[in-house]
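Every number for a ligand or one of its atoms is a count from 1 in the order of the listing.
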Amino acid sequence: MEVLADVQNTILLKVESYKTETLNTRENFGSKVGAVLAAAGSAVGLGNVWRFPIETGRNGGAAFILVYIACIIVIGLPVMMSEFLIGRSTQSNTARAYQKLAPGTPWRWVGRLGVFTAFFIMCYYGVIAGWTIGYAVLAVGNQFAGKTAADYGPMFSDYATNWWQPLLCMVAFVVLTHVVIVKGVTKGIERWSKVLMPMLFILVLVLVFCSVTLPNAGAGIDFLLKPDWSKVDGSVVLSAMGQAFFSLSLGMGCLCTYASYFDKKTSHGKTAIQVCVIDTLIALMAGFIIFPAVSSVGYSLDPKDVGANLIFITLPNVFQQAFSGVPWLAYIFSVMFYLLIIVAALTSTISLHEVVTSYMAEEFNMPRKKAALWETGGIIFFGIFCSLSFGVLDGVRIFGLNIFDFFDWTASKICLPVGGLFISLFTGWYLDKKLFKDEITNYGSSRAPYVKALIFVLRYVAPIAIFTILLNELGVLSLLGS
Ligand code: PHE
């Protein structure tokens with residue numbers, strides 16, 4: 001029976017790839033650079049510029065960074081390669097990919113979960129991304145100048161609780177994403193990634209340079225470079241793993257969808273390494289923008305100062321104070337910083353949007369434009385509730401959380417780890433190992449001596465690690481510990 005199912009699978013895959021090759025119904029990324037930049041664009045986002053510095057601050061600086069890098073190498077890379085090979089071998093949206101590789105089995109729900117997660121993340125991610133547009137507008141209007149440290153907190157809460165401004169910015173962000181998506185894979189996603197990613201890199205480099213050359217930047221630099229191992233415990237390791245998943249866009253089909261546009265020559269191993277390196281570099285550089293600037297104005301690097309409102313409350317003040325002698329530099333630094341976050345977030349929202357758009361277009365046989373329109377409408381609809389939950393809808397609670405936190409919690413704390421867990425189990429245990437090896441070696445054209453180690457990690461290490469994160473998120477570990 002099993003042999004029959006294998007043969008049936010192989011035939012199905014061959015027929016599909018024949019169809020895509022001859023009928024050319026599906027677009028591919030036009031170049032390897034385009035593919036890498038698009039995938040790196042998905043990975044680099046608010047997770048690098050906003051979440052990474054917060055997590056680093058909370059978990060003790062340099063030691064956290066080293067644990068984080070270890071998590072990326074041991075778990076992030078293998079799971080990323082799994083998503084790549086699932087996507088490219090099936091050349092379809094993430095839901096259909098599992099259907100093709102495991103017809104008639106419940107594995108198809110892993111793909112569907114990915115589509116659902118992408119939609120869910122997009123609804124609340126768009127709100128924060130929208131705030132960055134709002135703050136960029138404030139920066140351009142020089143609204144941060146002449147304020148004292150105490151003014152920035154109320155300024156932010158006025159902004160976030162105001163009902164129409166954040167809403168408008170969220171809609172603007174989602175529409176911006178929509179415009180790129182309707183252009184298609186090559187002319188939209190790839191072209192924009194090729195423009196936005198280098199732009200992001202230049203912005204980051206300039207800002208790092210300005211920040212590390214500030215007077216008294218040393219304490220911030222030390223914080224990032226001198227590990228204090230006494231701070232590392234189990235919860236730090238789990239935070240590092242959670243951050244690695246979020247930052248690399250793992251566990252929900254974004255990378256699987258992008259890999260379905262990879263051509264046959266793209267190497268999964270090389271691409272995954274390049275994406276991980278770019279993502280980690282940008283996160284580190286965001287740290288080198290933020291911590292030296294914070295220490296240069298004499299703030300402690302205490303978790304409360306680098307808390308969740310870091311980029312909207314602490315930083316505008318830091319920029320003004322750090323460059324107080326040269327107001328035009330403070331102005332440029334602020335504008336560039338918010339522009340940088342917009343660019344980073346945009347390349348991520350594009351990838352989230354694409355997961356659902358390609359799913360709807362291919363599964364419901366819709367023109368791409370129409371699928372994208374439905375998706376954009378849905379995001380804006382739910383995004384409105386997420387946005388208003390900071391103001392008028394604050395009282396509405398779902399399982400004790402406000403609407404925004406409920407979306408965030410469900411997607412990033414539950415759906416991403418569950419998705420990641422099943423992806424590693426799927427490739428580690430279920431997937432035909434010949435197909436696995438063929439994909440990793442590009443059908444024999446390159447060598448991959450690490451295949452066995454990869455399978456070992458996907459079978460045992462990644463599932464156990466991810467399952468532990470999940471238990472931790474659900475509070476089961478602390479219950480056991482108490
Ligand atoms: N990786 C993105 C970031 O760092 C967030 C993201 C998560 C994007 C999951 C897509 C999927 O901001």
Side-chain angles (χ1 to χ4, degrees), residues 37-56 68 71-72 76 79-80 83-84 87 93-94 111 113-132 173-174 177 180-181 189 193 196-197 200 204 239-259 272 275-287 308 310-311 340-359 375 379 407-420 423 466 469:
L37 290 182
S42 168
V44 175
L46 295 174
N48 305 58
V49 191
W50 175 56
R51 208 168 179 274
F52 178 80
I54 295 171
E55 291 288 313
T56 306
Y68 173 73
C71 290
I72 289 194
V79 176
M80 187 179 286
E83 292 209 27
F84 282 169
N93 69 77
T94 181
L113 175 71
V115 177
F116 169 81
T117 312
F119 181 76
F120 235 63
I121 295 186
M122 190 64 200
C123 294
Y124 75 88
Y125 198 91
V127 174
I128 309 267
W131 289 356
T132 62
F173 208 96
V174 178
T177 310
V180 176
I181 286 292
I189 301 175
S193 302
L196 293 175
M197 289 307 284
L200 182 115
V204 170
S239 302
M241 258 191 306
Q243 172 61 18
F245 255 76
F246 186 83
S247 188
L248 295 175
S249 306
L250 295 176
M252 39 75 63
C254 261
L255 298 180
C256 175
T257 305
Y258 272 10
V275 172
C276 287
V277 169
I278 295 176
D279 189 66
T280 310
L281 268 183
I282 301 273
L284 287 177
M285 293 205 285
L310 180 72
I311 60 175
L340 160 89
I341 309 183
I342 292 174
V343 171
L346 183 62
T347 48
S348 295
T349 52
I350 291 170
S351 73
L352 287 161
H353 204 298
E354 179 62 19
V355 174
V356 188
T357 302
S358 64
Y359 168 74
E375 149 84 333
I379 295 167
F407 269 69
D408 181 22
W409 186 82
T410 313
S412 60
K413 303 269 154 108
I414 306 294
C415 298
L416 286 187
V418 169
I423 289 167
I466 301 169
I469 307 184

Please state which protein non-hydrogen atom is closest to [atom] and give its distance, to 0.1 Å?
atom	result
atom 11 (C) of ligand 1	M252 SD, 3.3 Å
atom 6 (C) of ligand 1	S249 OG, 3.7 Å
atom 4 (O) of ligand 1	A43 O, 2.9 Å
atom 12 (O) of ligand 1	Y125 OH, 2.6 Å
atom 7 (C) of ligand 1	F246 O, 3.5 Å

With a cut-off of 4.0 Å, which atoms of ligand 1 are near a heavy atom of [X]?
X	answer
S247	1 (N), 4 (O)
C254	10 (C), 11 (C)
L352	10 (C), 11 (C)

Contact region, R51 to ligand 1, non-hydrogen atoms below 4.0 Å, reads neither

Look only at interatomic distance and state if G47 has a nitrogen or oxygen under 3.5 Å from any nitrogen or oxygen of ligand 1.
yes

Any N or O on L46 sitting closer than 3.5 Å to an N or O of ligand 1?
yes

So among S193, S249, S348, which one has a side-chain hydrogen bond (donor to acceptor under 3.5 Å, both in side chains) with S42?
S249

Hey, can you tell me if Y68 and F52 have their rings parallel, tilted or perpendicular (30° and 60° cut-offs)?
tilted

[atom2] on [Y] to [atom1] on [X], rounded to 0.5 Å:
X	Y	atom1	atom2	result
I423	T94	CD1	OG1	7.0 Å
M252	E83	CE	CD	8.0 Å
I282	L340	CD1	CG	8.0 Å

Can you tell which of A283, S42, G253 gets a heavy atom nearest to atom 2 (C) of ligand 1?
S42

Can you spot which of F116, F120, W409 makes a side chain to side chain contact (heavy atoms under 4.5 Å, CB included) with C415?
F116

Among side-chain atoms of T257 and S358, is any donor-acceptor pair under 3.5 angstrom?
no

Specify the closest pair of heavy atoms between V355 and G114, including all atoms of both residues, with the distance to one decimal.
CG1-O, 4.2 Å

